[in-house]
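Comments concern the structure below.
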Amino acid sequence: MILDSKIPDGPLAEKWTKHKFNIKLVNPANKRKYDVIVVGTGLAGASAAASLAELGYNVKAFCFQDSPRRAHSIAAQGGINAAKNYQNDGDSVFRLFYDTIKGGDYRAREANVYRLAEVSVSIIDQCVAQGVPFAREYGGLLANRSFGGAQVSRTFYARGQTGQQLLLGAYSALSRQVANGKVKLYPRTEMMDVVTVDGKARGIITRNLITGAIESHSAHAVLLCTGGYGNVFFLSTNAMGSNVTAAWRAHKKGALMANPCYTQIHPTCIPVSGDHQSKLTLMSESLRNDGRVWVPATVEIAEKLRKGQISPNDIKEEDRDYYLERKYPSFGNLVPRDVASRNAKYVCDEGRGVNETGEAVFLDFRDAIIRDGEDTIRAKYGNLFDMYQQITGDNPYKLPMMIYPAVHYTMGGLWVDYNLMTNIPGLYALGEANFSDHGANRLGASALMQGLADGYFVIPYTIGDYLAQSGYDKVGADHPEFKKSEKEVQDRVQKLLSIKGKKTVDHFHKRLGKIMWDYCGMARTAEGLTKAKAMIKDLKKEFWTDVNVLGDNEELNQSLEKAHRVADFIELGELMVDDALHRNESCGGHFREEYQTPEGEALRDDENFAYVAAWKYLGEGQEEELVKEPLVFENVKLTQRSYK
Amino acid sequence: MNLTLKIWRQKNKSDKGGFKDYKVSDVSKDMSFLEMLDVLNEQLSEKGEDPVHFDHDCREGICGMCSLYINGKPHGPLQTTTCQLHMRSFNDGETITIEPWRATAFPVMKDLVVDRSSFDRIMQAGGYVSVNTGGVPDANEIPIPKRIADEAFDAATCIGCGACVAACKNASAMLFTSAKISQLALLPQGQVERKERAERMIAQMDAEGFGACTNTGACSIECPKGISLTNIARMNREYFSAVVSSENV
Ligand SMILES: Cc1cc2nc3c(=O)[nH]c(=O)nc-3n(C[C@H](O)[C@H](O)[C@H](O)COP(=O)(O)OP(=O)(O)OC[C@H]3O[C@@H](n4cnc5c(N)ncnc54)[C@H](O)[C@@H]3O)c2cc1C
Ligand code: SF4
Ligand code: FES
């Protein structure tokens with residue numbers, strides 16, 4: 001199988017303009033003859049649904065929450081990047097492009113990333129026109145900050161609630177189209193399958209989460225904007241309902257899954273406090289601007305600390321190891337996310353972790369408070385400190401914060417071409433659900449940018465090209481392919497309900513999460529991954545014989561909802577392990593211990609692994625087929641990242 | 001801690017529903033309120049009993065999906081969302097009463113889950129600026145004084161949870177509706193449609209069956225995001241000036 005990424009030719013900076021000119025258009029009067037299904041109402045889905053409806057297409061929008069406004073995008077804190085260069089500090093489209101390619105450790109497509117940087121400027125204009133209240137300077141113009149170690153100030157933000165404000169903007173545009181009758185909303189509805197007819201995506205099967213009704217919806221094209229799959233690890237910073245089901249069902253219908261092992265682990269999260277923990281809370285990255293990361297210099301001191309015999313403030317300066325400052329004198333506490341996370345793991349593995357579980361390091365504001373005063377620190381981070389205190393019960397003005405890395409974002413996802421179309425004609429993937437722009441590691445404030453770029457400014461053009469060539473004829477929801485898929489979904493529901501085993505769904509999810517975290521998390525080895533694969537296979541068998549899913553289908557049944565999702569996570573987990581095992585190099589968030597530089601940094605192998613690993617499902621119980629899309633770099637030179 | 005929970009159970013929309021008592025033990029003070037309910041649900045599931053259904057998603061206090069009327073207060077004793085409430089706010093041996101939001105416009109779907117789509121319909125009636133994608137001016141061509149932008153931001157932080165309605169003896173949705181109307185009335189982008197917006201959103205609010213506002217202020221006291229009553233005052237002004245000069249009367 002050969003993957004055609006459909007990257008337009010010509011110079012990098014002209015590709016998108018040229019492409020927009022060359023693609024086919026749908027006549028305005030004919031747009032109403034096309035139906036488009038949008039699954040997901042996060043930044044990607046809401047912006048796509050609203051924009052397509054404005055153009056005249058008939059849109060159906062689906063989400064599992066009770067309102068489109070609650071999609072997981074709402075939780076993003078820090079900000080959104082755009083190459084506006086409002087600060088006159090040397091930013092440009094090319095610089096944002098370059099930073100994103102480099103930050104992704106040279107594992108993303110140049111053409112896609114350039115386009116992303118190019119349309120980033122329009123996103124901010126659009127959001128402001130909608131009334132999104134971004135932070136402003138006293139002169140009334142927009143404020144920026146630098147984020148995630150970037151050397152220019154290009155991040156736009158709305159206090160610590162940027163995702164919320166952007167999503168409410170997109171939701172307002174969506175609501176307007178609902179009022180206009182161009183979008184029909186289906187909240188509390190879960191997509192269970194994609195339906196293809198003659199090889200093209202023609203619709204989806206859904207389950208109404210209130211009544212349990214299994215229903216068919218047909219259309220001329222289907223957009224999956226269903227977010228990331230970080231919850232495969234059970235504990236992550238994702239919302240509880242975030243799942244892989246939509247993407248995974250598409251995968252099983254033939255859509256390739258690209259780079260599934262690329263996972264981002266965020267260094268500053270509140271540590272796990274016990275077995276009851278259901279999710280992890282992110283503490284904004286900005287804290288590393290003033291907080292100093294450390295652990296005790298020796299295991300003995302760490303032990304006393306863990307037993308509560310001493311307080312962190314008793315530990316003398318010479319007994320503290322500010323390991324990031326020590327190892328990376330030029331970047332210090334501001335090293336990229338993957339580097340900071342990995343080093344926290346190392347010191348904890350050595351037995352120097354600082355909380356009861358031994359899996360936490362300090363993020364200490366003592367020196368910043370002495371230097372700038374408590375009021376200054378409060379003005380900068382007050383809301384974060386309050387949140388920390390609310391969750392942990394500790395006062396971070398008096399005691400150092402405790403943090404630990406947590407799963408945060410998945411760079412992998414459905415393979416898409418330059419038009420955001422998967423290898424199934426008519427099936428698109430947008431936002432975190434696709435793999436396209438972040439390579440092996442995503443820069444801070446770039447996911448929001450990508451979601452809105454895809455939805456507002458890419459899909460409205462590229463979908464026209466496909467629809468213009470596909471004809472108006474509708475396939476009814478009574479087509480045999482829909483009936484067949486409905487039956488499959490019903491059978492699966494019945495199967496899950498009839499196992500009546502002894503273990504709860506969460507029991508399996510937690511065990512899967514532990515396997516993934518231990519062997520396919522921050523550091524991976526061939527040996528560990530091989531072991532994990534066998535464990536996941538066993539877990540899958542056990543799940544399908546011993547899970548207990550309570551209740552019936554014909555009701556609101558959260559245990560059944562979860563069971564579907566966990567079943568898919570188990571299968572995805574196995575593929576992630578395969579992907580991590582085959583990639584015999586380290587890059588970005590994928591760190592294989594066998595492949596590191598003498599200083600312990602990620603060691604890429606550009607000669608053998610500068611490709612996208614796309615996986616093809618071949619059938620139940622069979623190993624998936626690896627399809628490679630070579631990555632060609634014509635505009636940047638591949639270098640070793642160094643933060644010393 | 002060991003606790004007794006008195007929880008509202010209701011099979012579906014048409015079921016009458018009623019309270020049921022449950023015991024949970026080994027609750028740690030570090031658990032969030034929802035994690036405590038997770039523990040109960042694991043226990044129930046292991047016994048083959050239907051778990052207690054409740055809404056939640058982000059568990060970070062921002063999506064507005066969680067609800068729960070705890071010991072007579074929406075989102076419990078603190079001014080925060082239920083997902084951000086921790087068990088250290090309760091005492092060993094306590095009995096905690098947990099009910100769904102109660103309002104005609106928020107029918108109960110099952111147990112503690114209610115239907116808040118009426119909020120979406122209020123937004124659809126006018127909670128937006130009518131601009132299409134593309135063709136908008138450069139972002140910095142619309143300068144906005146910082147003070148105004150900050151005030152608009154404060155109104156815009158509403159998470160649409162519905163606690164204001166649950167707190168109000170009249171089940172009024174004034175605080176929620178006024179937050180959006182205020183945000184857009186403050187900003188230059190919202191001026192063009194200012195009048196129709198207020199009229200249409202308020203008409204929809206009434207049509208959904210929310211009650212009238214008698215200025216008790218309970219909504220703002222219980223609002224997890226501290227949405228201020230000045231928004232209601234502003235909305236009333238907007239509405240009054242809209243009807244006085246309306247072309248729709
Ligand atoms: C705590 C946190 C903070 C973050 N902060 C930042 C930040 O500061 N800057 C930044 O750029 N990025 C940030 N990110 C990342 C960013 O928020 C996400 O990557 C992005 O919002 C994803 O948007 P999306 O539209 O692709 O998907 P989502 O917002 O996840 O939306 C998914 C949608 O799909 C629907 N859905 C999913 N599965 C199904 C199904 N089976 N059936 C029906 N519907 C389904 C859901 O209902 C939802 O509407 C953060 C992430 C987290 C977790
Ligand atoms: S005004 Fe406050 S209480 Fe009401 S919906 Fe908004 S956030 Fe919730
Ligand atoms: S679960 Fe999102 S606000 Fe509580």
Side-chain angles (χ1 to χ4, degrees), chain A residues 50-51 54 65-67 69-70 72 74-75 84 86 122 124-126 128-131 133 136-142 158-159 161 164-165 168 171-173 175-176 178-179 185 187 210 239-241 273-274 276-279 281 390-391 393 456-457 460 504 506 548 550-551 555-556 558-559, chain B residues 12 28-31 34-35 38-39 42 45-46 48 50-51 53 55-60 62-65 80 84 86 88 109-110 113 115-117 119-120 123-125 127-134 136-140 142-146 149 152-153 156-157 160 183-184 187 189-190:
Chain A
S51 304
E54 287 162 8
Q65 292 92 346
D66 69 334
S67 162
R69 66 180 290 155
R70 307 204 203 284
H72 166 60
I74 201 98
K84 281 285 199 187
Y86 280 162
S122 310
I124 305 303
D125 300 341
Q126 189 63 36
V128 167
Q130 290 166 346
R136 286 178 185 268
E137 306 289 356
Y138 283 100
L141 300 184
L142 293 165
R159 276 184 223 160
Q161 283 149 266
Q164 180 197 29
Q165 295 308 315
L168 292 181
Y171 162 77
S172 75
S175 298
R176 175 170 161 246
V178 174
L185 279 185
I210 299 291
M240 299 297 287
S273 68
H276 58 266
Q277 193 106 14
S278 59
K279 77 154 286 170
T281 304
Q390 210 165 56
I391 294 174
Y456 283 135
F457 297 110
T504 65
D506 265 359
N548 187 13
L550 297 158
E555 59 175 348
L556 176 54
Q558 291 172 337
S559 130
Chain B
N12 50 43
S28 113
K29 293 207 179 280
D30 289 331
M31 284 180 185
L34 298 184
E35 285 169 347
D38 291 343
V39 171
E42 278 296 283
S45 301
E46 275 158 21
D50 196 21
H53 282 61
D55 268 328
H56 65 107
D57 198 26
C58 73
R59 296 205 176 184
E60 288 194 11
I62 193 75
C63 73
M65 185 113 175
T80 184
Q84 293 297 90
H86 284 74
R88 62 184 84 89
M109 311 300 283
K110 179 170 181 175
V113 174
D115 178 359
R116 286 170 288 196
S117 55
F119 269 12
D120 287 320
M123 288 299 175
Q124 287 153 18
Y128 42 76
V129 177
S130 297
V131 287
N132 284 352
T133 304
V136 298
D138 183 88
N140 262 351
I142 317 175
I144 303 171
K146 185 168 171 10
F153 180 89
T157 57
Q183 177 200 344
L184 296 177
L187 296 171
Q189 300 93 307

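Numbers restart at 1 for each chain; the letters A, B, ... are given by sequence-line order, proteins then strands.
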Open item on the list: Would the distance check show the side chain of B:Glu46 and the main-chain N or O of A:Thr504 forming a donor-acceptor pair, the cut-off being under 3.5 Å?
Closed with: no

Open item on the list: Counting only non-hydrogen atoms closer than 4.5 Å, does B:Ile142 touch chain A with its backbone (N, CA, C, O), its side chain (CB onward), both, or neither?
Closed with: both

Open item on the list: Please classify the contact of B:Ile144 with chain A as side chain, backbone, both or neither, using a heavy-atom distance under 4.5 Å.
Closed with: both

Task: chain B interface, residue from A:Gln65, A:Gln277, A:Arg176 that has the most non-hydrogen pairs under 4.5 Å - done: A:Arg176

Task: Flag, side chain of B:Asp57 to backbone of A:Gly241, donor-acceptor distance under 3.5 Å - done: yes

Open item on the list: Using modelled atom types and a 3.5 Å cut-off, is there a donor and acceptor pairing between side-chain atoms of B:His53 and backbone atoms of A:Leu556?
Closed with: yes

TODO: Could you tell me which portion of A:Asn548 (side chain, backbone, both or neither) has an atom closer than 4.5 angstrom to a non-hydrogen atom of chain B?
DONE: side chain

Open item on the list: Which atoms of B:Thr80 are under 4.5 Å from chain A, going by heavy atoms: the side chain, the backbone, both sets, or neither?
Closed with: side chain

Open item on the list: Has B:Arg116 got a side-chain atom pairing as donor or acceptor with B:Met65's backbone, closer than 3.5 angstrom?
Closed with: yes

TODO: Using non-hydrogen atoms and a 4.5 Å limit, figure out which bit of A:Gln164 sits close to chain B: side chain, backbone, both or neither.
DONE: side chain

Task: Part of B:Asp138 lying under 4.5 Å from any heavy atom of chain A - done: both

Open item on the list: Can you tell whether the side chains of A:Asp125 and A:Lys84 come within less than 4.0 Å, N to carboxylate O?
Closed with: yes

Open item on the list: Shorter than 4.5 Å, heavy atoms on both sides: which option in A:Ser67, A:Ser175, A:Ala75 has the most such pairs with chain B?
Closed with: A:Ser175

TODO: Count the heavy-atom pairs under 4.5 Å between each of B:Ala152, B:Gly48, B:Gly64 and chain A, then report the option with the highest count.
DONE: B:Gly64

TODO: Determine the option with the most heavy-atom pairs under 4.5 angstrom with chain B, choosing from A:His72, A:Gln165, A:Glu137.
DONE: A:Gln165

Open item on the list: Less than 4.5 Å to any heavy atom of chain B: does that hold for the side chain of A:Ser278, its backbone, both, or neither?
Closed with: both

Open item on the list: Please identify, among B:Ala125, B:Gly160, B:Gly190, B:Gly134, the residue contributing the most non-hydrogen atom pairs under 4.5 Å to chain A.
Closed with: B:Gly160

Task: Salt-bridge present (B:Lys110, B:Asp50; N to O < 4.0 Å) - done: yes

- [ ] Would you check if the side chain of B:Gln183 reaches a backbone N or O of A:Gly131 as a donor-acceptor pair within less than 3.5 Å?
- [x] yes

Open item on the list: Please identify, among A:Gly139, A:Ala50, A:Ala158, A:Pro187, the residue contributing the most non-hydrogen atom pairs under 4.5 Å to chain B.
Closed with: A:Ala158

Open item on the list: Counting only non-hydrogen atoms closer than 4.5 Å, does A:Gln161 touch chain B with its backbone (N, CA, C, O), its side chain (CB onward), both, or neither?
Closed with: side chain

- [ ] Would you please test B:Asp30 and B:Ser28 for side chain to side chain donor-acceptor pair (under 3.5 Å) and show each step?
- [x] CA-CA 5 Å; B:Asp30 289 331; B:Ser28 113; 4.6 Å; no

- [ ] Check for a donor-acceptor pair, side chain of A:Lys279 on one end and backbone N or O of A:Ala239 on the other, with a separation under 3.5 Å.
- [x] no

Open item on the list: Donor-acceptor pair, distance only, cut-off 3.5 Å: does the side chain of A:Gln130 make one with the backbone of A:Ala173?
Closed with: no

- [ ] Name the member of B:Val131, B:Val113, B:Val136, B:Asn132 that forms the most heavy-atom pairs with chain A at distances under 4.5 Å.
- [x] B:Asn132

Task: Residue, of A:Leu141, A:Asp506, A:Ile124, A:Leu168, that accumulates the most heavy atom pairs under 4.5 Å with chain B - done: A:Leu141

Task: Contacting moiety of A:Leu142, where chain B heavy atoms sit under 4.5 Å - done: both

Task: Separation of A:Arg69 CZ from B:Phe119 CZ (nearest 0.5 Å) - done: 8.5 Å

- [ ] Name the option with the most non-hydrogen atom pairs under 4.5 Å to chain A; the candidates are B:Asp115, B:Leu184, B:Val39, B:Asp55.
- [x] B:Asp55

Task: A:Glu555 versus chain B, the contacting section by heavy-atom distance below 4.5 Å - done: side chain

TODO: For chain A, find which of B:Asp120, B:Leu34, B:Leu187, B:Val129 contributes the most heavy-atom pairs closer than 4.5 angstrom.
DONE: B:Asp120

TODO: Select one option (side chain, backbone, both, neither) describing which atoms of B:Ser45 are under 4.5 Å from chain A's heavy atoms.
DONE: both

- [ ] Report yes if some heavy atom in the side chain of B:Arg59 is under 4.5 Å from a heavy atom in the side chain of A:Thr281; otherwise report no.
- [x] no

Open item on the list: Quick one: does any side-chain atom of B:Arg88 pair with a main-chain N or O of A:Ile391 as donor and acceptor, under 3.5 Å?
Closed with: yes

